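Note that this is a predicted model, so its numbers are computed, not measured. Atoms within each ligand, like the ligands themselves, are counted from 1 in listed order.
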Amino acid sequence: MNTPAIGSTVLGYPRIGPRRELKRAVEAYWAGRLDADALAVVARDLRADTWRELAAAGLDSVPGNTFSFYDHVLDTAVLFDAVPRRFRDLGLSPVDTYFAAARGRDGVPPLELTKWFDTNYHYLVPELDPSTRFALTGDKPIAEFREALDLGVTTRPVLLGPVTFLLLAKASAAAPADFTPLDLLDRLVDRYVDLLSALADAGAPWVQLDEPAFAADRTEAELAALRRAYTRLGEATARPAILVAGYFGDLGDALPVLADAPVEAVAVDLVTAPASVNRIPTLLGLRDKTLVAGLVDGRNVWRADLRGALSTAATLLGSVGELAVSTSCSLLHVPYDLDAETDLDPAVVARLAFARQKVAEVVLLGTALRRDGTEIGSATGGTPSVDAGVRARIAELGPEHRTRAPYAERAAVQRTRLALPPLATTTIGSFPQTGEVRKARAGLRDGTLDEAGYAERMRAEIERVVRLQEEIGLDVLVHGEPERNDMVQYFAEHLDGFASTNLGWVQSYGSRCVRPPIIHGDVSRPEPITVGWSSYAQSLTGKPVKGMLTGPVTILAWSFVRDDQPLAATAEQVALALRDEIRDLEEAGIGIVQVDEPALRELLPLRAEQREDYLDWAVGSFRLATAGAATATQVHTHLCYSEFGDVIDAIDGLDADVTTIEAARSRMEVLDDLRSIGFGRAVGPGVYDIHSPTVPTEDEVVDLLRAALDAVPGELLWVNPDCGLKTRGYAEVEPALRTLVAAAHRVRG
Ligand SMILES: Nc1nc2c(c(=O)[nH]1)N[C@@H](CNc1ccc(C(=O)N[C@@H](CCC(=O)N[C@@H](CCC(=O)N[C@@H](CCC(=O)O)C(=O)O)C(=O)O)C(=O)O)cc1)CN2
Ligand SMILES: [Zn+2]
């Protein structure tokens with residue numbers, strides 16, 4: 001085989017477009033404002049721009065097949081004809097069948113959406129069973145390879161590896177109990193062999209197979225599956241050279257398996273797992289392979305320490321066949337281009353690199369490595385700002401700052417103060433973000449609406465939402481969060497030590513994007529953030545209004561966090577700011593405060609041995625944020641987006657008075673977990689799935705509540721939706737909330 005060297009590369013690239021062109025096109029297509037041909041043109045132009053940019057930047061090997069209309073796991077299922085029957089039976093065009101699997105259609109529920117490892121990206125979970133027959137019916141990677149070749153760029157198609165694909169899939173409802181998707185390995189690998197052969201025919205010199213699942217703990221059987229798959233693929237006769245990429249952590253026992261497999265290259269993540277460097281020289285199998293060293297952080301936005309990276313690379317030179325430099329993972333998780341940001345502090349800019357800048361770093365590193373390190377400049381520009389006040393406060397903290405009065409005492413005082421009925425009804429915080437609200441915010445940004453005008457519109461919206469809740473008959477009201485663009489970014493914009501971007505969009509799922517804020521220095525709160533809005537809402541009603549904050553763990557999980565100190569230290573600083581906010585809310589007369597932690601499960605380390613440490617600081621920071629609350633103040637927390645079985649003790653450890661938790665889709669399974677640990681505080685298992693536009697019937701909600709009453713006594717049971725309502729419309733929200741209140745009344749009776 002005559003294969004070009006990888007030299008310098010990146011493992012993947014963003015695909016939504018530098019100005020979210022794909023989001024706009026896809027949403028326009030869904031709305032019927034753009035036809036399929038026009039959508040295809042937008043997609044093709046975005047791909048062409050990416051390939052040209054990466055080739056022009058000087059990468060030796062340009063990744064291909066990084067584009068996706070929605071999600072690369074769904075793309076893989078489509079490629080191998082593994083789309084469940086319920087979507088095919090809709091009789092739609094291929095592109096509409098694809099979107100139906102992603103979003104559901106005509107009452108057919110979509111594939112489940114879940115977290116991509118420990119990132120804020122979400123993939124669609126393939127559903128497999130013994131009847132799944134894989135076939136290479138798609139040609140996306142091949143067609144895109146040819147498309148790039150026509151533009152003069154030879155790409156390295158990036159594919160999700162067969163073992164990770166199966167490990168991320170779930171058994172369909174039709175599968176027998178003893179079935180696991182990995183049972184289908186041989187069948188699937190045979191089809192990958194077909195694919196490799198087709199790519200070789202098209203002229204692809206390399207292919208990249210991603211196996212990030214091996215950065216997590218894996219069983220012997222799973223490691224054996226990895227060995228088996230890559231032995232088979234490596235032995236295929238007609239194929240491109242194979243690069244297997246493992247990222248998001250240490251490959252552990254999978255690294256020697258890959259080192260010994262008959263493949264040409266292995267990519268390791270030396271940013272998340274720098275210690276892997278020490279193991280590489282001991283792996284004889286790597287001596288005749290290319291090692292692709294992930295030295296530039298693909299998940300965070302800091303400039304690389306190129307000198308450090310270069311010296312790491314230099315130590316590896318003699319231990320491997322060839323050494324290539326790369327990002328630690330795909331650049332999917334960072335924004336496109338730092339140069340597009342015009343409002344960032346230059347001192348912060350000097351420390352940053354987005355996708356485009358990271359490509360340049362990789363290229364530079366590759367050049368320096370070839371020329372003996374002569375052209376690498378100084379490491380980074382500037383250091384994080386230090387806030388002596390915050391540091392002094394943290395130095396003074398003791399256990400009393402994380403401990404409230406015993407729950408029984410709190411509950412008694414709160415019962416008297418709040419006088420709520422059993423099965424109290426509430427919502428999770430946000431109400432639908434109407435076009436008018438978003439338009440007002442866009443107006444504030446572009447200067448057509450001033451601060452006063454904006455505040456007036458937000459107050460009008462808050463008043464409308466409060467009146468609506470009173471009329472519906474909810475017991476604990478919210479202000480509705482109209483002033484928030486996003487539950488993390490909003491707080492970042494009001495805290496020192498954070499920077500926000502204008503165009504730093506990162507795909508979260510499908511067409512939905514976020515602009516993760518950047519924590520670049522010590523965090524503090526210059527002034528109250530939410531107090532004005534919450535106390536305005538409280539002034540409108542005699543019912544209690546719940547203050548609404550985002551917790552420290554979630555703020556960290558959905559931001560780019562400084563990497564010069566432990567996450568735990570940054571979390572404490574954020575927690576202190578929230579602690580002060582709670583005190584100010586109390587002083588303004590707010591008696592209930594909710595601190596949302598939907599990302600508590602998301603940051604859970606992939607390897608079990610690191611979990612206790614994480615949960616310690618995660619729970620500790622939540623308690624630091626909330627334990628300053630008076631005994632009479634009722635602290636709520638809200639959790640969603642995950643199954644919480646394996647962090648149930650940590651949820652207990654949060655010591656919140658009320659925990660509202662996503663439960664409707666899993667028919668309240670979480671209650672069994674809570675009961676099994678003797679969880680004794682109040683809980684609001686969601687009784688209505690806000691991810692679907694379907695309005696629940698009163699009987700359905702009553703059934704769920706009766707089921708919940710088996711696990712939770714009535715005085716500890718709250719009634720609420722699964723999550724916030726901001727992505728829904730009033731047409732569904734109003735009847736759903738009326739149903740929820742009616743059901744609660746019926747069960748109370
Ligand atoms: N940070 C974060 N991560 C999260 C979640 C979350 O809520 N926040 N939820 C989970 C699921 N992920 C989600 C991620 C994004 C969205 C989402 O709806 N994003 C919006 C953007 C939200 C936002 O920032 N809105 C801005 C407006 C940004 C915008 O597009 N403005 C328009 C103009 C205004 C208009 O006419 O709409 C423009 O700039 O062109 C605001 O309200 O101010 C989107 O992609 O469309 C939902 C869920 C997990 N991770
Ligand atoms: Zn939620």
Report task. Considering only NZ, NE, NH1 and NH2 on the basic side and carboxylate oxygens on the acidic side, decide whether K726 and E481 come within less than 4.0 Å. Result -> no
Report summary line: For the Zn ion (ligand 2), angle spanned by H638 NE2 and C640 SG (nearest 10°) is 100°
Query - Heteroatom proximity flag, Y641 to ligand 1, N/O under 3.5 Å - result: yes
Query raised in the report: Looking at atom 36 (O) of ligand 1, what's its closest protein heavy atom, distance included?
Result: R438 CB, 4.8 Å
**Report entry** contact_flag R24 ligand 1 heavy-atom lt 4.0 Å
**Finding:** yes
Report summary line: atom 29 (C) of ligand 1: closest protein heavy atom, distance to 0.1 Å, is R20 NH2, 3.7 Å
Report task. Give the residue and atom name of whichever protein heavy atom lies nearest to atom 39 (O) of ligand 1, and the separation in Å to one decimal. Result -> R445 NH2, 3.4 Å
Query raised in the report: Which of parallel (below 30°), tilted (30 to 60°) and perpendicular (above 60°) describes F99 and Y29?
Result: tilted
**Report entry** R484 touching ligand 1 at heavy-atom level, < 4.0 angstrom
**Finding:** no
Query raised in the report: Hey, are D522 and R562 close enough for a salt bridge, meaning a charged N less than 4.0 Å from a carboxylate O?
Result: yes
Query raised in the report: Is it true that D118 and R299 have a side-chain N and a carboxylate O under 4.0 angstrom from each other?
Result: yes
**Report entry** Identified side-chain contact (heavy atoms from CB on, under 4.5 Å) partner of L468 from the options I472, V465, V466
**Finding:** I472
Query - Contact (N/O only, under 3.5 Å) between W505 and ligand 1 - result: no
Requested in this report: Flag the pair R459 and E463 as a salt bridge only when some basic side-chain nitrogen lies within less than 4.0 angstrom of an acidic carboxylate oxygen.
Outcome: no
Query - Within-shell test, N120 vs ligand 1, heavy atom, strictly < 4.0 Å - result: yes
Query raised in the report: Mind checking whether E602 has a heavy atom under 4.0 Å from ligand 1?
Result: no
Query raised in the report: Are any of the N/O atoms in R512 less than 3.5 Å from those in ligand 1?
Result: yes
Query raised in the report: Of the non-hydrogen atoms in N502 and E341, which two are nearest, and what is the gap between them?
Result: N-OE1, 2.7 Å
Query - Under 3.5 Å: N/O of D486 near N/O of ligand 1 - result: yes
Query raised in the report: Within the structure, does C513 bring an N/O atom to less than 3.5 angstrom of an N/O atom in ligand 1?
Result: yes
Requested in this report: Indicate, as side chain, backbone, both or neither, the part of K439 found under 4.0 angstrom from ligand 1 when only non-hydrogen atoms are considered.
Outcome: neither
Report task. Mark whether atom 25 (N) of ligand 1 lies under 4.0 angstrom from at least one protein heavy atom. Result -> yes
Requested in this report: Working to the nearest 0.5 Å, report the span between OG1 of T272 and CG of D297.
Outcome: 7.0 Å
Report task. State plainly whether the residues E21 and R24 are in salt-bridge range, i.e. N to O under 4.0 Å. Result -> no
Query - Within-shell test, R441 vs ligand 1, heavy atom, strictly < 4.0 Å - result: yes
